*Asks:* 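The structure's right below; bear with me while I get my questions together.
Labels below follow one simple rule: chain letters A, B, ... track the order of the sequence lines, proteins then strands, and each chain is numbered from 1. Computed from a predicted model, the values in this text were never measured in an experiment. The figures here come from the full heavy-atom set of this structure, side chains too, leaving out hydrogens, waters and symmetry mates.
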Amino acid sequence: MTRLSSYFLPTEREPPADAEALSHKLMVRAGLIRQVGAGLWSWLPAGWRVHQQVVQIVREEMDAIGGQEMLMPVLQPADLWRRSGRYAIEELFKLKDRRDADLVLAMTSEEVVTTHVAAAVRSYRDLPLILYHFQTKERDEPRPRAGVLRTREFIMKDSYTFDRDAEGLEVAYQKHVVAYDRMLDRCGLEWYRVEADVGMMGGSAAHEYMAPCPAGENDVVLAPGYAANLEVASAEPQPVKLEPHRDAPETVPTPGMTTIEAVATELNLPAGALLKTFPIVLDGDEMRLVVLRGDHRVNEVKLRTVLGTDFRPAHPDEIGARLGPPGYIGPVGAQMPILLDAGVADGAYVAGANEPDAHLRGVEPGRDFRYERIDIRTVLTGDTINGSAIRIEPAIEVGNIFKLGTRYSLPLGARYLDEAGSEQLIWMGCYGFGPARAAAAAVEQYADEAGISWPRSMAPFDVEIVTLGKEGSEERGFSDRLYSELTEIGLDVLYDDRDSGPGEKFIDAELLGCPLRVTVGRRTLGAGEVEVQIRRGREKTSVLLDDAAEEIAALWRGLP
RNA sequence: CGGGGCGUAGCGCAGCCUGGUUAGCGCGCAAGCUUUGGGUGCUUGAGGUCCCCGGUUCGAAUCCGGGCGCCCCGACCA
């Protein structure tokens, strides 16, 4: 019997002083988690129940697509990571053992799982495989934050698929889409599957599962039939009123006006009627000019993807030497390739003259400078996709699915023999899911003034019984029986048998947020009923004493 | 990596600027009485390396130097 009088659920009246995010405040106050250090958290019993609920959902859905659960170590030899080329990652914890051997604390397990598969798989008959585990991940985060939302140590489900070829990988990927869609639905979360950046480490496709919430660290771009991470999103810009056409660019003095805003104000034009020029230097030291509308911003992730290489903004001295004074640079006359953002419509713009204190008006792309057109700007609220305005919402990434291809099978030698007897590389995918983030997202999405309101599937307990009677009272006797009956039916019940006032019990129950609260007091008992509060919405109803347990269970089954 | 802030009882805070009784308040905790459908009221009590080290001083929570830890904003996030 889970009696609150002897259960470790330390609730707090006030949130920790340093808490900012709602989930951080509430999960600490409700007694679910406690901080150990920066980005290091303990899960207290009720919190761990929540975590385990999510884990079980994920496990069932992974098993449903043929996943095989296993377990790989957190502590791994550095050599594996050197071979895969990931040893240099800054977030990777590195350490030595007593014999001075280099080790790492793994953040994912591609190296290990691929090594096992490479050693054991010989034939196309051994494929495909879906292997997964729940394991602690370690990441030396530059900035842990927001309670359990971004930590240095956390449990993650990571699965890895091994296929004969790209088609097989596509099948495995689609299986994960199905499994993840179901997981997120079963968790009771509001969520989006969005297009994501594939990053610099190869891979051909990636989606992220995002749960919108105020404390989210990512921005999701949404339109009917469209969902993407802001890092990769594309949209039509809002049109802007440009200057009239001129036969040739015309110099206009702009002394001291080195910002878009200053020039736009001086010429009484919208910022979008100007061209912003962003000089970059590629990995090989080549310079490029990125040109976009004055009211738009460069999306460095998109730019990096388009370029296919890393880059950095040019230094002021490089700009001065190759173009003109910073603040007055522009595409006209520039002796280097120009990348023009897709958001720049045809027409006449104002741009820097590459001379001190001067801009050019009437600059027309194509006529006045040659360019390559690419899409590299960050979309803005109000932009459109197929005529519909986009929304941008903060969200937390709770899962991601990623096509790795041969990124790891190549360096780690994961090959097999095909039907023709020739050696082939194994095609891989990797797929992560963070139960802690799913739980925190649920807190964020459904909390109200009184506290947490768990989706049924995640709640630490299904029902909390608040008994108002003293030991030995009629209320107690009934509460005890009700506890047994509900448990018999298969519900998880928390029994608040503490010797405290009713107010305190109600407040704690609503803070913890179990889907149903059953109040057993003299008043309602005398009327032949017990009161049930549905946590979400906080509406109260009554059920008759005679079949209270059945009615409560029926109510519970109907909850989200 | 850049910027800002904090560290005093389990939690939330005051005291520090301007050094000087026994370091204080609210909540919580313990005991007793009281109350019993929304944090009940009263009484009594326990609880402190004032983050650490060093310095200045007759005297340091308070001033100075160094360190550690934590939070927030931005950058970063394979």
Side-chain angles (χ1 to χ4, degrees), chain A residues 8 10-21 24-25 28-29 31 34-41 81 84-92 106-111 137 139-147 149-152 154 158 196-203 206 208 215 217-218 229 231 300-301 304-305 310 312-313 396-397 400 402-405 407-408 411 430 432 434 449-451 466-471 473-476 496 498-511 517-527 529-533 538 540 542:
Chain A
F8 188 52
T11 56
E12 294 290 342
R13 212 168 191 141
E14 298 187 61
D18 51 28
E20 201 80 3
H24 181 184
K25 292 178 182 172
V28 171
R29 282 190 56 210
R34 281 294 183 272
Q35 184 166 20
V36 177
L40 303 172
W41 292 84
W81 290 69
S84 69
R86 292 209 297 173
Y87 189 64
I89 294 175
E90 283 190 38
E91 284 76 24
L92 184 65
M107 38 202 289
T108 54
S109 296
E110 281 85 355
E111 283 80 1
K137 304 298 172 208
R139 290 190 187 181
D140 194 355
E141 287 288 348
R143 183 150 110 78
R145 59 177 292 273
L149 235 34
R150 186 171 202 81
T151 56
R152 291 195 292 177
F154 58 97
D158 42 326
D197 178 37
V198 293
M200 289 293 287
M201 292 302 274
E208 289 164 344
E217 311 187 281
N218 292 91
N229 193 313
E231 289 180 345
E300 299 199 7
V301 174
R304 203 162 276 130
T305 304
D310 206 0
R312 60 170 172 83
I396 185 73
E397 178 187 354
N400 62 71
F402 197 97
K403 287 187 187 175
L404 289 169
R407 165 69 184 81
Y408 292 90
C430 69
E449 348 38 90
V466 171
T467 186
L468 300 181
K470 277 188 163 69
E471 194 73 54
S473 66
E474 191 191 343
E475 297 94 292
R476 269 311 165 93
D496 190 351
R498 293 175 304 171
D499 186 24
S500 12
E504 193 176 344
K505 292 187 177 191
F506 294 147
I507 283 166
D508 273 352
E510 285 167 15
L511 178 59
R517 184 189 80 197
V518 177
T519 308
V520 182
R522 193 189 308 165
R523 211 168 70 190
T524 46
L525 214 52
E529 50 192 29
V530 293
E531 176 194 286
V532 183
Q533 185 210 45
R538 296 167 81 190
K540 295 172 187 168
S542 295

*Asks:* Below 4.5 Å, heavy atoms only, C-beta onward: do A/Lys540 and A/Thr519 meet side chain to side chain?
*Replies:*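 A/Lys540 does not reach A/Thr519 side chain to side chain.
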*Asks:* Send over the distance from A/Lys25 NZ to B/C71 C1', rounded to a whole Å.
*Replies:*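 Atom-to-atom, A/Lys25 to B/C71, this comes out as 13 Å.
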*Asks:* Counting only heavy atoms not in A/Glu474, do more than 12 sit closer than 6.0 Å to its CD atom?
*Replies:*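 No, because the 6.0 Å sphere around CD of A/Glu474 holds 12 heavy atoms or fewer from other groups.
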*Asks:* Any Lys/Arg nitrogen of A/Glu531 or A/Arg517 sitting under 4.0 Å from an Asp/Glu carboxylate oxygen of the other?
*Replies:*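 Salt bridge: yes.
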*Asks:* Looking at B/U35, which nucleotide sits across from it as a Watson-Crick or G-U wobble partner, both distances under 3.5 angstrom, or is there none?
*Replies:*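 With both distances under 3.5 Å required, B/U35 matches none.
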*Asks:* Given the C1' atoms of B/C25 and B/G48, what is the spacing between them in whole Å?
*Replies:*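 The same atom, C1', in both gives a distance of 15 Å.
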*Asks:* Check the surroundings of atom CZ in A/Arg34: do more than 12 heavy atoms from other residues, nucleotides or ligands lie under 6.0 Å from it?
*Replies:*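 Enclosed.
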*Asks:* Does the side chain of A/Glu111 reach to within under 4.5 Å of the side chain of A/Tyr87, using non-hydrogen atoms?
*Replies:*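 Side-chain contact under 4.5 Å: no.
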*Asks:* Closest nucleotide of RNA chain B for A/Leu40 versus for A/Val520: which of these residues is on the 5' side?
*Replies:*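 Upstream on the strand: A/Val520.
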*Asks:* Which part of the nucleic acid does A/Gly501 contact within heavy-atom distance under 4.0 Å: base, sugar-phosphate only, or nothing?
*Replies:*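 The residue A/Gly501 makes no contact with any strand.
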*Asks:* Taking any strand in view, what nucleotide pairs with B/A60 in a Watson-Crick or G-U wobble way, both distances under 3.5 Å?
*Replies:*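 In the structure as shown, B/A60 has no Watson-Crick or wobble partner.
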*Asks:* At 4.0 Å (heavy atoms only), tell me whether A/Thr519 reaches a base, stays on the sugar-phosphate, or touches nothing.
*Replies:*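 The residue A/Thr519 makes base contact.
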*Asks:* Figure out the CZ/P separation between A/Arg522 and B/G37, and round it to whole Å.
*Replies:*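 From A/Arg522 CZ to B/G37 P: 7 Å.
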*Asks:* Could you go over nucleotides 73-75 of chain B and give all protein N or O partners under 3.5 Å, atom names and distances?
*Replies:*
from  : atom 1 : to       : atom 2 : distance (Å)
B/C73 : OP2    : A/Arg143 : NH1    : 3.1
B/C73 : OP2    : A/Arg143 : NH2    : 2.4

*Asks:* Expressed in angstrom and rounded to an integer, what is the separation of A/His24 atom NE2 from B/C71 atom C1'?
*Replies:*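 Distance, rounded to whole Å: 9 Å.
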*Asks:* Please give, in whole Å, the distance from B/G38 C1' to A/Asp496 CG?
*Replies:*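 After rounding, the reported distance stands at 13 Å.
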*Asks:* Looking only at the side chain of A/Pro502 (C-beta and beyond, no hydrogens), which of the listed nucleotides B/G38, B/A78, B/C76 gets closest?
*Replies:*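 Between B/G38, B/A78, B/C76, the one nearest the side chain of A/Pro502 would be B/G38.
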*Asks:* Which is it for A/Arg538 and A/Glu449 under the salt bridge (Lys or Arg N to Asp or Glu O under 4.0 Å) test, yes or no, and what are the steps along the way?
*Replies:* CA-CA 11 Å; A/Arg538 296 167 81 190; A/Glu449 348 38 90; 3.2 Å; yes
*Asks:* Evaluate the side-chain proximity of A/Asp18 to A/His24: yes if any heavy-atom separation is below 4.5 Å, no if none is.
*Replies:*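 A side-chain contact exists here, since the closest heavy-atom pair is under 4.5 Å.
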*Asks:* Report the distance from atom CD of A/Glu231 to atom CD of A/Glu208, rounding to the nearest 0.5 Å.
*Replies:*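 Rounded to the nearest 0.5 Å, the CD-CD separation comes out at 6.5 Å.
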*Asks:* Measure CG/A/Asp18 against C1'/B/C51 and give the value in whole Å, please.
*Replies:*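 Distance, rounded to whole Å: 15 Å.
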*Asks:* Between B/A78 and B/G4, how far is it from one P atom to the other, in whole Å?
*Replies:*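 Pairwise P distance, B/A78 against B/G4, rounds to 28 Å.
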*Asks:* What interatomic distance, in whole Å, is found between C1' of B/C1 and the corresponding atom of B/C63?
*Replies:*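 Roughly 32 Å separates the two C1' atoms.
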*Asks:* For the residue pair A/Val518 and A/Val466, establish whether any side-chain heavy-atom pair is separated by less than 4.5 Å.
*Replies:*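 Result no, sub-4.5 Å side-chain heavy-atom pair not found.
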*Asks:* Find the partner of B/G74: check Watson-Crick (N1-N3 plus N6-O4 or O6-N4) and G-U wobble (N1-O2, O6-N3) distances, both under 3.5 Å, and reply none if neither fits.
*Replies:*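 B/C1 is the nucleotide pairing with B/G74.
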*Asks:* For B/C51 and B/G12, measure between their P atoms and round to the nearest Å.
*Replies:*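 B/C51 and B/G12 have their P atoms separated by 14 Å.
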*Asks:* Which nucleotide in the list B/C71, B/G39, B/G38 gets nearest to the side chain of A/Gln35?
*Replies:*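 Within the option list, the nearest is B/C71.
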*Asks:* How long is the span from the CG atom in A/Leu40 to the OG1 atom in A/Thr151, to the nearest 0.5 Å?
*Replies:*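 So the CG of A/Leu40 and the OG1 of A/Thr151 are separated by 8.0 Å.
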*Asks:* Would you measure the distance from the C1' atom in B/U21 across to the matching atom in B/A61 and give it in whole Å?
*Replies:*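 One C1' to the other, the span is 16 Å.
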*Asks:* Need to verify one output field. Residue with the more 5' nearest nucleotide on RNA chain B, A/Arg517 or A/Glu90?
*Replies:*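 By nearest-heavy-atom nucleotide position, the 5'-most residue is A/Arg517.
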*Asks:* Could you state the CZ-P distance from A/Arg139 to B/A78, rounded to the nearest angstrom?
*Replies:*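 About 8 Å, once rounded to whole Å.
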*Asks:* Can you tell me the distance, in whole Å, between the CG atom of A/Leu525 and the P atom of B/G37?
*Replies:*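 It is 13 Å, rounded to the nearest whole Å.
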*Asks:* Roughly, in whole Å, what's the span from CD in A/Glu12 to P in B/G10?
*Replies:*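 In whole Å, B/G10 P lies 12 Å from A/Glu12 CD.
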*Asks:* Pairs under 3.5 angstrom, nitrogen or oxygen only, protein versus nucleotides 23-28 of chain B, please.
*Replies:*
from  : atom 1 : to      : atom 2 : distance (Å)
B/C27 : O3'    : A/Arg13 : NH1    : 3.1
B/C27 : O2'    : A/Arg13 : NH1    : 3.4
B/G28 : OP1    : A/Arg13 : NH1    : 3.4

*Asks:* Would the base of B/G37 count as contacting A/Thr524 through its side chain, where contact means a donor and an acceptor less than 3.5 Å apart?
*Replies:*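 Such a pair exists between side chain and base.
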*Asks:* Please determine, for B/A30, whether a Watson-Crick or G-U wobble partner exists with both distances under 3.5 Å, and give it or none.
*Replies:*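 Result: B/U44.
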*Asks:* When the C1' atoms of B/G45 and B/G3 are compared, how many Å lie between them, rounded to an integer?
*Replies:*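 The same atom, C1', in both gives a distance of 47 Å.
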*Asks:* Is it true that A/Arg407 and A/Glu110 have a side-chain N and a carboxylate O under 4.0 angstrom from each other?
*Replies:*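 Answer for the salt bridge query: no.
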*Asks:* Touch check for A/Ala88, heavy atoms < 4.0 angstrom, all strands: base, sugar-phosphate only, or nothing?
*Replies:*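 A/Ala88: no heavy atom of the nucleic acid under 4.0 Å.
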*Asks:* Could you give the distance separating B/G65 and B/G24 at their P atoms, to the nearest angstrom?
*Replies:*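 After rounding to an integer number of Å, I get 30 Å for this pair.
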*Asks:* Measuring only between side-chain heavy atoms, which start at C-beta, is A/Thr108 closer than 4.5 Å to A/Arg139?
*Replies:*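 Side chain of A/Thr108 against side chain of A/Arg139, heavy atoms only: contact under 4.5 Å found.
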*Asks:* Counting just side-chain N and O atoms, does A/Gln533 come under 4.0 Å of either OP1 or OP2 of B/G38?
*Replies:*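 The answer is no; no side-chain N or O of A/Gln533 sits under 4.0 Å from OP1 or OP2.
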*Asks:* What about A/Lys540, does its side chain sit under 3.5 Å from the base of B/G38 through a donor-acceptor pair?
*Replies:*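 Check passes, donor-acceptor contact within cut-off.
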*Asks:* Looking at every strand, decide which applies to A/Gly469 at a 4.0 Å heavy-atom threshold: base, sugar-phosphate, or nothing.
*Replies:*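 Answer is nothing: A/Gly469 stays at 4.0 Å or more from every strand.
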*Asks:* A/Pro15 near the nucleic acid: base, sugar-phosphate alone, or nothing, with a heavy-atom cut-off under 4.0 Å?
*Replies:*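 The answer is sugar-phosphate, as A/Pro15 gets under 4.0 Å only of primed atoms, P, OP1 or OP2.
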*Asks:* Using atom C1' of each nucleotide, how far apart are B/C11 and B/C53 to the nearest Å?
*Replies:*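 28 Å, rounded to whole Å.
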*Asks:* May I ask you to say what A/Glu510 touches in the nucleic acid, namely base, sugar-phosphate or nothing, with a heavy-atom cut-off under 4.0 Å?
*Replies:*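 Base contact - A/Glu510 has a heavy atom under 4.0 Å of at least one base atom.
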